[in-house]
Amino acid sequence: VAGNRVDGGQTIVADPGRAVGALARMAEIVGPAHAIADSDRQLPYLRELRGLYAGSAALVLRPGSTREVAQILAVAHEAGIGIVPQGGNTGLVGGQTPSPDGRQVVLSLSRLNSVREVDAAGETMIVEAGVTLAAAQAAAERAERLFPLSLPSEGSCQIGGVLATNAGGVGVLAYGNARALTLGLEVVTADGQVWDGLRTLKKDNTGYDLRDLFVGSEGTLGIITAAALKLFPRPAEKVVALAALPDIASVAALFRLAEARGHAGLTAFEFMSRFTLDLVSKHIPNTRLPLREPAPWYVLIELSSAEPGGLAEATMQRLLTEAADNGIVSDAVIAASLAQSQALWRLRETASEAQRPEGGSVKHDVSVPVARIPDFLAAASKAVDAACPGARPVVFGHFGDGNVHYNVTQPVGMDKAAYLALWGPMSEAVHDVVASLGGSISAEHGIGQMKRGELLRFKSPLEIALMRKIKAALDPKGILNPGKVL
Ligand code: FAD
Ligand code: ZN
């Protein structure tokens, strides 16, 4: 379509009549049961769960096969219609939400939900984009293998969305993020061709790595329809402990000690501030701090061992005793049962949810070099207080990855909307601190709509120009998730 362009995040279709014809053809491809035009039925696809982003759509399509996805993309490409891929709709940066102008089409991948193959001996599996993360983990489990990616949203988020955002979570320390766990992909290109890159090779140095380019591209370069994923042996034993620490320097010291004593068996090292756990105890039912005294910081440590016989537990005992002797840890508890392990994990996993009853929260998902976390926290706290005196940082995250979820809850009694109006200046101030320490403004959630402007502030003009060239080469008409990332 002449005049089709990407402008301010919206695909502009020059010829509305032609667009209507194209929409009808797309609806035909999936059949009437799976083309949703009714606005009430569209609603779950148009807004994300926190209500931060909402849009509208010309159509919501639920294709049932890679072939249907390819046919839809061919029509969209020809007519210049923006396509917004969507998985479990759990993304936190507005990447899966269509624009408000009602011209874009939401493409839900949730019906592509087959596990195509699990190769236990080769430690790989091939799953379709709409398989939930929990279902992918269960498929691995049935073959007595481990798919180690783990997020609090795993019951809803889907492999396509997880890969498109290069999700992280609590297993990254030992097993890597989504990209590190991806061996191959099947991708539908902007013009409706199917790239079969479903290789299960552990080594493959044959030219530019398209797989790594599509992973983390947030639906802006291609539609992921299936993935070949890496599996691992299941640990024979896991042990979880919660430790209380007097200051953030002790958290850093405990991490170094846990790495030294736990080696590859250190499968999680999550930290939480006292205020974070106060909110969890206050707002989440059936949570209780299993320690004698409150402390400024808490760490959840998980050690795994490949062999049975109590090795992980013995290592944990020694580690915590040594830490206590060194004054790094003031108190600790080791879970004695699966139920106790789950209860400790619940304290960490409900940290986000626990902020909601306190009003507005300005969220930062940032990373800095691990050793700079204490510097980051000191400087960010000053920056936040300058932006909004009385605002309350809720600090937690994946310490071992240098990934801090630096969420800032509104001051007590402040109007929520007035507080959220400070989102821009506050996050700019926090991101400036991140940049001064050589960090990243998005550790694991992506850019989406939320951080598009900030991306331009922190990437060099050359890096942005190279990204734009890649986008133009793979999606010359700008129909793939317009207005996201770039
Ligand atoms: P969606 O939200 O549907 O989409 C996310 C992005 O991917 C969008 O840009 C969308 O256009 C694109 N996309 C979706 N499917 C495809 C596809 N098939 N092909 C191409 N592009 C596609 N994230 C973490 O990294 N770590 C965490 O610990 C974590 N915890 C979370 C906890 C909660 C309670 C919630 C709500 C979210 C959390 N997230 C976390 C964020 C989110 O769950 C992850 O980003 C997840 O990977 C998104 O998957 P989804 O299927 O819901 O994707
Ligand atoms: Zn996280």
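This structure is a prediction, so every number in the text was calculated from the model and none was measured. Whatever order the structure lists ligands and atoms in, that order sets their numbers, starting from 1.
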[X] side chain to [Y] backbone, donor-acceptor under 3.5 Å:
X    : Y    : answer
Q410 : G360 : yes
S250 : L245 : no
D475 : I479 : yes
Q42  : I36  : yes
T350 : R346 : yes
T132 : A135 : yes

Could you check which N/O/S atom of E444 is closest to the Zn ion (ligand 2)?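 E444's closest N, O or S atom to the Zn ion (ligand 2) is named OE2.
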For the pair H405 and H445, name the ring-plane relationship: parallel under 30°, tilted 30 to 60°, perpendicular over 60°.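 Plane angle under 30°, so parallel.
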Please list the nearest protein heavy atom to [atom] with its residue and the distance rounded to 0.1 Å.
atom                    : value
atom 25 (O) of ligand 1 : G168 N, 2.8 Å
atom 2 (O) of ligand 1  : G91 N, 2.7 Å
atom 37 (C) of ligand 1 : T90 O, 3.4 Å
atom 11 (O) of ligand 1 : P85 O, 2.6 Å
atom 5 (C) of ligand 1  : T165 CG2, 3.6 Å
atom 19 (N) of ligand 1 : I224 N, 3.0 Å
atom 23 (N) of ligand 1 : H445 CD2, 3.5 Å
atom 7 (O) of ligand 1  : A164 CB, 3.4 Å

Is the CZ atom of R47 crowded by more than 12 outside heavy atoms at less than 6.0 Å?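 Incorrect, the count does not exceed 12.
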Consider only side-chain N and O atoms of [X] and [Y], and report whether a donor and an acceptor are under 3.5 Å apart.
X    : Y    : result
Q86  : S108 : no
E154 : Q137 : yes
T182 : R211 : no

Relative to atom 38 (C) of ligand 1, which among S442, G448, G160, S153 owns the nearest non-hydrogen atom?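 Considering heavy atoms of S442, G448, G160, S153, the nearest to atom 38 (C) of ligand 1 sits in S153.
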Give the contacting part of V84 toward ligand 1: side chain, backbone, both or neither, where contact means a heavy-atom distance below 4.0 Å.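 Neither; no heavy atom under 4.0 Å.
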Enumerated ligand 1 atoms positioned under 4.0 Å from heavy atoms of [X]:
X    : result
N481 : 9 (O), 11 (O)
G219 : 20 (C), 21 (N)
G87  : 1 (P), 3 (O), 14 (C), 15 (N), 51 (O)
G222 : 20 (C)
V162 : 47 (O), 49 (O)
L109 : 18 (N)

Compute the shortest N/O to N/O distance between [X] and ligand 1 and return yes if it is under 3.5 Å, no if not.
X    : value
A167 : no
E218 : yes
G88  : yes
Q158 : yes
E444 : yes
G95  : yes

Pair F271 + F396: ring centers closer than 6.0 Å: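 When the ring centroids of F271 and F396 are compared, they turn out to be at least 6.0 Å apart.
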Looking at [X] and [Y], does any basic side-chain N land under 4.0 Å from a carboxylate oxygen?
X    : Y    : value
K230 : E123 : no
E218 : K484 : no
K416 : E358 : no

From the Zn ion (ligand 2) out to just under 2.8 Å, does an N/O/S atom of H445 turn up?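 Checking the Zn ion (ligand 2) against H445, no N, O or S atom falls under 2.8 Å.
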[X] touching ligand 1 at heavy-atom level, < 4.0 angstrom:
X    : value
A178 : no
L151 : yes
K484 : no

